[in-house]
Amino acid sequence: QVQLVESGGGLAQSGESLRLSCTISGGNARISDMAWFRQYPGKERECVATIILSSLSKYYPPSVKGRFTISADTAKNTTDLQMNSLEPEDTAMYFCAAGFIRSGQSVVTPRSYQYWGPGTQVTVSS
């Protein structure tokens, strides 16, 4: 059974940096993409970064572009999210996701991903 576990969340002040890591273990699932999502209380999960493992092509929404960087190590089955210039608005629960994205599916839609980590809290104070 495929399991994802995030680490690296915590408390930061505005302008500081945090680095999240995600490790995939177990199973022989076919995974083409990995991503990071965040979720505010009472809101749906929103994508903050995606990476296609075959090409390492990346996507960021405007809200984090230039501040967040996703990376992946396919040999180690890990993905990291480097978050710089953090803002209080970045405070949320962050989730790692992995899955096989079929043609026509959106990489920014949570339901496109089959595997999820339990999440790690990021809190940014002003």
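These values consider heavy atoms only, across backbone and side chains, with no hydrogens, waters or symmetry-generated copies.
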(message) Would M83 and Y94 count as a side-chain contact (heavy atoms from CB on, under 4.5 Å) here? Give the steps.
(response) CA-CA 11 Å; M83 304 185 295; Y94 284 72; 3.9 Å; yes
(message) If you define the side chain from C-beta out and look only at heavy atoms, does anything of D80 sit under 4.5 Å from I70?
(response) no
(request) State, without any angle test, whether D73 and T78 hold a side-chain donor-acceptor pair at a distance under 3.5 Å. (result) no
(request) Please tell me if the side chains of I52 and K58 come closer than 4.5 Å, counting only heavy atoms from C-beta onward. (result) no
(request) Side-chain contact test, heavy atoms from C-beta onward, threshold under 4.5 Å: evaluate it for R38 versus V64 and give yes or no. (result) yes
(message) I need the minimum non-hydrogen distance between C96 and M34, along with the two atoms involved.
(response) SG-CE, 3.9 Å
(message) Are P88 and S14 packed together at the side-chain level, in the sense that at least one heavy-atom pair is separated by less than 4.5 angstrom?
(response) yes
(message) If you define the side chain from C-beta out and look only at heavy atoms, does anything of R111 sit under 4.5 Å from Q105?
(response) no
(message) Just so I know, are the side chains of D33 and T50 near enough to count as touching, which here means a heavy-atom distance under 4.5 Å?
(response) no
(request) Starting from the C-alpha separation in whole Å, work towards a yes-or-no answer on side-chain contact (heavy atoms from CB on, under 4.5 Å) for T109 and Y113. (result) CA-CA 8 Å; T109 302; Y113 296 86; over 6 Å; no
(request) Take L20 and V122 through the test side-chain contact (heavy atoms from CB on, under 4.5 Å) and record every step on the way to the result. (result) CA-CA 9 Å; L20 306 182; V122 171; 4.1 Å; yes
(message) Test of understanding: clusters of I, L, V, M, F, W, Y form through side-chain heavy atoms closer than 4.5 Å, transitively. Do F95 and Y60 belong to the same one?
(response) no
(message) Between N84 and Q82, is there a side-chain donor-acceptor contact under 3.5 Å, judged purely by atom types and distance?
(response) yes
(request) Could you tell me whether the side chain of Y115 reaches within less than 4.5 Å of the side chain of I24, counting heavy atoms only? (result) no
(request) Provide the closest heavy-atom pair for Q114 versus G99 in the form atom of the first, atom of the second, distance. (result) OE1-CA, 3.0 Å
(message) Can you confirm whether or not the ring centre of W116 sits under 6.0 Å from the ring centre of F37?
(response) yes
